[in-house]
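Reading through the structure tokens given below for one structure.
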Amino acid sequence: MADNPYNHIEIEKKWQKRWAEDGTFTTPDMPAGKKSYVLDMFPYPSGEGLHVGHPKGYIATDVYARMMRMQGYDVLHPMGWDAFGLPAENYAIKNKIHPRIAVEKNIARFKEQLQNIGFSYDWNREINTIDPEYYKWTQWIFLQLYKKGLAYESFEPINWCPSCQTGLANEDLDQGKCERCGSIVEKRPMRQWMLKITDYAEQLLSGLETLPWPKSIIESQKNWIGKSEGAEISFRFLPLTKPARRTGGGELEGVSVDVFTTRPDTLFGCTYLVLSPEHALMQNILSHVDNKVEVAAYIKSASEKTEIDRTDAAKEKTGVELRGVRAKNSASGEEIPVWVADYVLADYGTGAVMAVPAHDDRDFAFAKKYELPVVTVVNEENKLINSGEFNGLDAEDAKQKITEKFGKTTTNYKLRDWVFSRQRYWGEPIPIVHCEEDGIVPVPEDQLPVLLPEVEHYEPTGTGESPLAAITDWVSTACPKCGKPAKRETNTMPQWAGSSWYSLRYIDAKNPDQFVDSEKEKAWMPVDVYVGGAEHATRHLIYARFWHIVLHELGFASTPEPFMRLEHVGLILAEDGRKMSKRYGNVVNPDDIVALVGADTLRIYEMFMGPFNQSVSWSTAGISGPRKFIERLWRLAQASIGQDHQDSEQVLYAINKSIKKVSEDTATFRFNTAIATLMECLNVFEREKAVSKESLETFIRLLAPYAPHVCEEVWGRMGYAGGISRARWPVADERYLAEKTIVIPVQVNGKVRAEISIARDASQEEVEALARQQENVVKHVAGAQVKKVVYVPSKLINFVW
RNA sequence: GCCCGGGUGGCGAAAUGGUAAACGUUGCUGACUUAAAAUCAGCUGCCAGAAAUGGCUUGUGGGUUCGAUUCCCACCCUGGGCACCA
């Protein structure tokens with residue numbers, strides 16, 4: 001044995017080469033029988049390369065995919081690159097290399113790192129979002145969205161990152177800061193392309209009910225969509241009071257303002273109205289108020305605040321009364337004042353609220369500060385008071401009845417339309433032409449792709465225009481409709497475009513002439529298992545679902561949802577407990593681990609670290625366990641191969657139990673306990689010094705998805721020609737699963753006092769008799785009257801007195 | 001503030017109503033060795049005890065049960081999502 005040690009470097013290279021040469025993992029165009037589509041969230045190829053945290057999810061899908069193949073499934077398990085977008089572009093700018101060159105280099109590095117780990121990807125299906133044959137179809141989808149009225153130009157103020165110098169979607173913000181660079185985001189009015197994701201709020205929400213996803217991700221998406229049901233209620237303005245009438249021309253009488261509330265039951269307690277500074281009626285009202293100068297100044301100051309200041313609930317609320325303007329609470333009949341305050345958001349609900357200080361904390365704080373009246377309308381028992389004919393009603397009941405009489409039911413969502421254009425170079429050009437006569441004209445589909453031009457200067461301009469705007473040759477084009485000179489749209493698509501449909505492209509990866517062959521699409525979709533980080537819950541996973549739902553409606557996707565099962569991978573932190581980052585100098589490169597202890601050890605270690613979806617710290621000491629496990633297996637195989645060994649009852653039990661447990665645990669992503677079971681099984685094997693050919697063979701099959709290289713090698717040495725990757729997955733033999741003799745505890749009043757060894761099929765009488773003889777049991781029963789005997793077959797026996 | 005997780009040995013953890021701590025790591029002891037490494041064997045939750053054994057122990061307090069890490073109630077701590085969203 002000592003002269004034949006386990007040489008991971010030689011063995012792993014040998015099998016990786018063999019798999020590539022033999023096309024072991026090439027997937028058929030169409031599945032022949034049962035299929036499984038096992039997908040990783042594809043990486044963006046950053047300049048830092050992979051650290052050991054990245055492959056954790058990839059190892060999990062690979063283990064799963066390999067087991068499914070052995071169970072007779074045709075498995076689609078592809079990999080690709082999400083290479084457009086800010087991370088790649090910022091890296092390129094910083095290092096003064098063209099993004100295309102930087103990305104190509106990074107992809108080569110990533111791919112080599114992945115291949116060292118022995119993944120069973122079908123590299124024939126490799127895709128890259130910056131490939132014109134890929135983004136041709138990203139642009140094509142945009143045109144389908146445009147035709148359906150879901151893509152539109154807007155001039156509203158949007159989030160602007162002063163450092164990245166581009167507009168951003170709400171999803172790209174983190175606490176009012178740019179998710180990429182951390183800069184405080186400003187509001188900036190500019191021309192934008194928007195996607196009407198809000199039209200799909202309800203479908204995005206109801207679709208969640210059909211998905212067996214982790215609770216946390218479902219909850220995050222629900223929170224993000226932010227549905228709230230309530231009422232819209234109209235408040236009429238009253239004739240202007242005298243001073244107001246003197247200052248302005250015209251009247252407000254007959255004009256009304258709508259408010260949105262989730263508490264229509266508290267309508268009688270509404271003692272004032274509040275409009276947001278940006279409210280549509282504000283300019284009209286401004287000309288009538290007595291304190292015009294004061295109000296105008298307030299509106300101006302609100303517009304100058306950053307989003308963070310505006311939305312900080314902890315800050316004291318400010319506002320100004322619109323003097324001279326009064327409205328009527330038609331429920332209570334009261335005349336109420338109208339205020340403007342920036343705690344009311346312009347873009348949610350109607351941009352105006354009915355203030356009920358008695359039942360809303362924010363209104364209460366505001367009313368206290370400005371000495372506005374507070375009227376309680378719901379009592380301790382949740383019944384209405386001070387509410388006229390509704391007094392005594394239950395609040396829930398009153399919501400409905402008051403809405404019926406004074407307003408109408410409405411639903412609001414927090415979800416905002418998707419700001420879809422970026423003033424940056426490194427993205428898919430939006431396939432639109434602007435013509436003086438015909439306005440916005442989509443590029444005809446047969447002229448796609450609109451190629452991203454090669455440029456010398458790709459740095460952002462900061463002017464609100466993309467760097468593409470400076471390339472006159474490219475911008476100038478002919479209007480597809482009238483043929484006259486026209487200009488190309490110069491904004492590009494955001495990072496998230498290419499990743500919003502890539503699961504479809506893998507199915508027909510190398511077909512430049514067709515979106516996705518519908519027969520193949522039907523055969524492979526949906527993605528059966530999708531694995532990636534939880535940080536994508538409200539970005540990628542919402543966008544991709546949105547596009548997929550639309551593609552489904554248009555008949556290009558056969559399933560309403562793209563991803564059936566979703567598993568989220570927990571982070572691997574550095575040994576110091578912090579995130580792995582070049583900045584902290586705590587990055588562990590998988591290449592080093594592979595060189596030192598081998599890919600199989602890395603794979604087992606990462607799956608064994610703890611529950612898959614949980615964050616764990618890397619531990620250098622911890623790797624030795626999995627490495628020793630492989631070496632012990634190697635030695636046991638050496639000792640067993642060629643021997644004619646008979647297995648003991650314990651070995652047969654252990655191996656059959658392992659079949660059951662490893663099959664179940666791998667299927668449910670409980671990899672850590674699957675490996676623990678295999679370790680226990682090997683411990684039993686080792687007590688016998690060697691095992692039979694059958695048991696070794698079964699063990700190798702079970703371990704193969706986790707440690708494919710060493711298992712291929714042992715498999716080959718056992719004399720099998722076909723690789724382990726296509727070997728049959730074992731099935732447990734029930735005959736060996738029940739041990740003949742078992743040890744159960746004997747309890748007295750619920751405390752363990754002895755252990756007895758019994759035959760599995762022993763009767764209760766036998767067990768009880770044996771248990772009563774135990775010295776320690778006799779002692780603890782001590783002649784007392786046993787009131788009850790609890791016997792759970794093959795678990796325990798308990799005497800109660 | 002609202003919503004969703006989680007809290008178990010020195011450390012990563014296992015057990016989802018039935019012997020708490022499997023599996024791995026760390027540490028200690030021993031075998032082998034001139035020695036070390038590797039390997040193998042034993043011990044390793046806390047307290048008392050020479051041992052047998054007894055008591056305690058899954059964030060805290062209560063409850064249900066013959067029996068609770070597991071189910072129920074309240075609280076504390078912690079990670080995450082949303083958040084002046086009316």
Side-chain angles (χ1 to χ4, degrees), chain A residues 1-2 5 175 214-228 230 259-263 266 270 274 276 310-317 341-345 347-356 359-363 365-366 412-416 534-535 537-538 604-605 608-611 613-626 628-629 631-632 635 670 672-683 686 743-755 775-776 779-780 786-801:
Chain A
M1 277 187 286
Q175 313 281 322
K215 224 174 180 175
S216 59
I217 298 205
I218 298 221
E219 288 305 318
S220 294
Q221 291 211 356
K222 279 188 182 169
N223 283 340
W224 188 259
I225 295 166
K227 180 178 185 173
S228 51
V259 303
F260 173 72
T261 179
T262 54
R263 295 292 307 275
T266 62
C270 167
V274 191
S276 67
R310 263 300 280 275
T311 56
D312 185 356
K315 288 238 168 86
E316 196 178 324
K317 298 181 192 354
D342 66 7
Y343 79 88
V344 175
L345 305 177
D347 61 356
Y348 182 77
T350 62
V353 302
M354 59 175 226
V356 186
H359 303 287
D360 181 281
D361 291 343
R362 294 153 303 181
D363 297 342
F366 194 79
N412 265 299
Y413 300 90
K414 289 183 201 166
L415 186 71
R416 299 276 78 105
E535 70 275 16
T538 56
I604 291 180
Y605 173 61
F608 184 62
M609 288 174 95
N613 59 12
Q614 195 172 294
S615 291
V616 259
S617 293
W618 182 262
S619 158
T620 305
I623 307 170
S624 61
K628 280 191 250 176
F629 170 66
E631 286 176 6
R632 279 162 47 209
R635 284 196 296 268
R670 287 183 303 219
N672 56 331
T673 50
I675 291 167
T677 303
L678 288 168
M679 286 173 169
E680 269 180 88
C681 184
L682 186 63
N683 289 346
E686 279 183 331
V743 174
I744 64 163
V746 181
Q747 298 184 340
V748 177
N749 287 336
K751 287 197 190 283
V752 179
R753 298 302 178 186
E755 278 178 0
E775 202 183 323
N776 208 30
K779 197 171 116 194
H780 281 92
V786 172
K787 281 193 296 199
K788 192 173 170 185
V789 178
V790 181
Y791 176 60
V792 185
S794 62
K795 290 285 186 194
L796 56 52
I797 183 157
N798 185 11
F799 296 102
V800 185
W801 56 271

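Each chain gets a letter, A, B and so on, in the order its sequence line appears, and its residues count up from 1. Reckoned from all heavy atoms, side chains included, excluding hydrogens, waters and symmetry mates.
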Give one of base, sugar-phosphate or nothing for A:P611, where a contact means two heavy atoms less than 4.0 Å apart.
sugar-phosphate
Taking only the side-chain heavy atoms of A:V344 (C-beta and beyond), determine which of B:C82, B:C66, B:A86 contains the nearest atom.
B:A86
Distances for protein N/O vs nucleotides 15-23 of chain B N/O pairs under 3.5 angstrom?
{"residue": "B:U19", "atom": "O2", "partner": "A:E755", "partner atom": "OE2", "Å": "2.8"}
{"residue": "B:U19", "atom": "N3", "partner": "A:E755", "partner atom": "OE2", "Å": "3.2"}
{"residue": "B:U19", "atom": "O4", "partner": "A:V743", "partner atom": "O", "Å": "3.4"}
{"residue": "B:A22", "atom": "O2'", "partner": "A:E680", "partner atom": "OE1", "Å": "3.3"}

For B:G9, does the O4'-C1'-N9-C4 (purine) or O4'-C1'-N1-C2 (pyrimidine) torsion place it in syn, i.e. within 90° of 0, or in anti?
syn
Under 4.0 angstrom, heavy atoms only, what part of the nucleic acid is A:K787 near: base, sugar-phosphate, or nothing?
nothing
What's the gap between B:A68 and B:G62 when it is taken at their C1' atoms, as a whole Å value?
14 Å
Which is true for A:H359 with a 4.0 Å heavy-atom rule: it touches a base, it touches only sugar-phosphate, or it touches nothing?
nothing
Remember a base hit wins even if backbone is also touched, and classify A:V353 as base, sugar-phosphate or nothing at under 4.0 Å, heavy atoms.
base
Given B:C66, B:A13, B:G55, which nucleotide is nearest the side-chain atoms of A:K751?
B:G55
With a 4.0 Å heavy-atom cut-off, tell me which residues in residues 615-624 of chain A come close to RNA chain B, sorted by residue number.
A:V616, A:A621, A:S624
Quick one: stems for RNA chain B, with Watson-Crick or G-U pairs under 3.5 Å, at least three in a row?
B:1-7 with B:76-82, B:10-12 with B:23-25, B:27-31 with B:39-43, B:45-48 with B:53-56, B:59-63 with B:71-75
Categorize A:N412 for me: base, sugar-phosphate, or nothing, with a 4.0 angstrom heavy-atom threshold over every strand shown.
nothing
